Amino acid sequence: MTETNLPEAFVKRVSNDPFLGTALLDALNAEQPISIRMNSLKGEPVLTNLEAIPWSKNGFYLAERPSFTLDPHFHGGRYYPQEAGSQFIDSILRNIELPLHPIILDLCAAPGGKSTLIADYLNGRGLLIANEVIQARSKILKENLTKWGTKNTLVSNNDPSDFEALKNLFDCILIDAPCSGEGMFRKDLGARNEWSEESVNMCAARQKRIVMDVWDSLKPGGFLIYSTCTFNEQENEENASWILQQVDAQIVSLQIPSAKKGRNGIGHYALPSELKTEGFFFVVIQKNGEERIQKNKSKKKSTLTRIKPESWVSEWTSITDSEFIQWNNYLFAIPVGQSELFEQLHSNLRIIKMGTELGEISRKGLIPHEALALDHSLLSSEIPDISLTKDQALHYLKGETFHLEGTQGFNTVSFEGTKLGWIKHLGNRFNNLYPKEWRIRMRID
Ligand SMILES: C[S@@+](CC[C@H](N)C(=O)[O-])C[C@H]1O[C@@H](n2cnc3c(N)ncnc32)[C@H](O)[C@@H]1O
């Protein structure tokens, strides 16, 4: 591949920009590094002896791209393939002073790379609201966070303007904004074709609108992490300066030496010409003012019911640090002390994942939901589990059934300690309860 594949106007821009320089063009035509981030909530790393990413606690480079689809650990949420530059979010979160139990909004969250990172950072504390405006993408976000397996997450499918109803609620908002994607030119060749001067202008205007839509829902003293995967000044430094002209806020100085300071000292970059990453820009802006307690009015009354865990709930879960809520016939585990917050969010937003769903309450008892199997810390250790070989695990993940010894009734199935989902064992055969939309579609033999 040659440099000429890059949009001509982009090449001209970069060549004339001393901040970037032509080394960037060469880097965009070189091979891309492959990296992942381990899920520290599910125990020890399943892949070992890897080169660590210096700015990300659980991030590692892989020597080559494996077939993630053919690794059951990937389906069980033990790691997430994530570009190394995006993993600077880990350094940012460790650089800013958040409360012990922060409420964090990841506004443009699908497919969920940064949401899973935030969930890991939280390690069960506080709450993450991961939002995605595009419905089809919000389902992928839900799938990825369900597999990550933590009950202090909630997924919504809302337009940024819907958050106006939630004043002064969030300690931190990540806006990983839709952008012109110049930093993805190596990974995603389609991004090269979609790029134009007009798209840069259009993206910059849309980013401003998105920030303003959610600004009031950030607490005074709270942090806005604004990021893009593009290199141009309009969508990055200029937008950061524009935000400071609109609102009472200041840029937070971060101690992240691996990243290059942005133009005029605003924000930071991961540049593929300098680091083993794709392109990434980030800046942190802190809202000025004292924290105020704000009672938000709900659009409508919450339809959630708080329930006391009855003995049958404890058969399925370790209930020590959970509360339980019911919506219609569905039961959810949420972190202790967050019922009111969940009610408030549920009545203002279109929630598609609420804590960890335990399952549906039927006349015969609970029909367990996949989220329960995948939440390692919530699932009761008393639930029977069948350990599968790799071959069996892949056939299970394809939705197939085969001969398997096991206890009659609901069992989880796992691969090398990674839970994959549920089966219902009927004695001589089993029903595969792995969700249809998650199934592996490729041939596995
Ligand atoms: C850069 S991607 C997010 C990547 C994600 N944070 C991750 O780490 O996996 C930007 C997201 O913004 C969403 N988006 C597009 N238009 C939007 C808008 N007008 N308001 C909010 N989000 C939008 C896109 O669908 C996309 O999922």
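As the structure is a computational prediction, the values presented were derived from the model and not from experiment. For ligands, and for the atoms within them, numbers begin at 1 and follow the listed sequence.
Looking at Asp176 next to ligand 1, an N or O pair under 3.5 Å apart turns up. For ligand 1, the polar-atom distance check against Ile134 finds no nitrogen or oxygen pair separated by under 3.5 Å. Where the criterion is an N or O separation shorter than 3.5 Å, residue side chain and backbone included, Ala110 meets it with respect to ligand 1.
Between the NE2 atom in His376 and the CH2 atom in Trp148 there is a gap of 11.5 Å [rounded to 0.5 Å].
Of the options Gln207, Glu132, Met184, the smallest heavy-atom separation from atom 24 (C) of ligand 1 is shown by Glu132. Around atom 17 (C) of ligand 1, the closest heavy atom drawn from Ile140, Leu141, Val133 belongs to Val133.
Under a cutoff of 6.0 Å and an axis angle of 45°, Arg125 and Tyr121 form a cation-pi pair. For the pair Lys261 and Tyr269, the cation does not sit on the ring face, since its NZ or CZ is not both under 6.0 Å from the ring centre and inside 45° of the axis.
For ligand 1 and Arg206, the ligand atoms under 4.0 Å from any heavy atom of the residue are 19 (N). When each atom of ligand 1 is checked for a heavy atom of Pro160 under 4.0 Å away, the hits are 20 (N), 21 (C). Set against the non-hydrogen atoms of Arg137, the atoms of ligand 1 under 4.0 Å away are 24 (C), 25 (O), 26 (C), 27 (O).
Aromatic ring centres of Tyr80 and Phe74 lie farther apart than the 6.0 Å criterion allows. Under the 6.0 Å cut-off for aromatic ring centres, Phe280 and Phe88 do not qualify, their centroids lying 6.0 Å or more apart.
When all heavy atoms are compared, the tightest approach of Ser302 to His346 is OG-ND1, 4.3 Å. Nearest heavy atom pair, residue Gln82 against residue Lys114, reads NE2-N, 3.6 Å.
Looking only at atom types and distance, the side chain of Thr418 has a donor-acceptor partner in the side chain of Arg78 under 3.5 Å away.
In this structure, the protein non-hydrogen atom closest to atom 9 (O) of ligand 1 is Gly113 N, 2.9 Å. Closest protein heavy atom to atom 12 (O) of ligand 1: Cys108 CB, 3.4 Å. Of the protein's non-hydrogen atoms, Pro178 CG, 3.8 Å is the one closest to atom 14 (N) of ligand 1. Ranking protein heavy atoms by distance to atom 18 (C) of ligand 1, first place goes to Ile210 CD1, 3.7 Å.
Residue contacts with ligand 1 do not include Ser86, since none of its heavy atoms lies under 4.0 Å from the ligand.
Neither the backbone nor the side chain of Leu107 has any atom closer than 4.0 Å to an atom of ligand 1 (non-hydrogen atoms only).
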Problem - Verdict with reasoning, Asp90 to Arg94, per salt bridge (Lys or Arg N to Asp or Glu O under 4.0 Å) - result: CA-CA 6 Å; Asp90 188 55; Arg94 291 174 204 285; 3.0 Å; yes
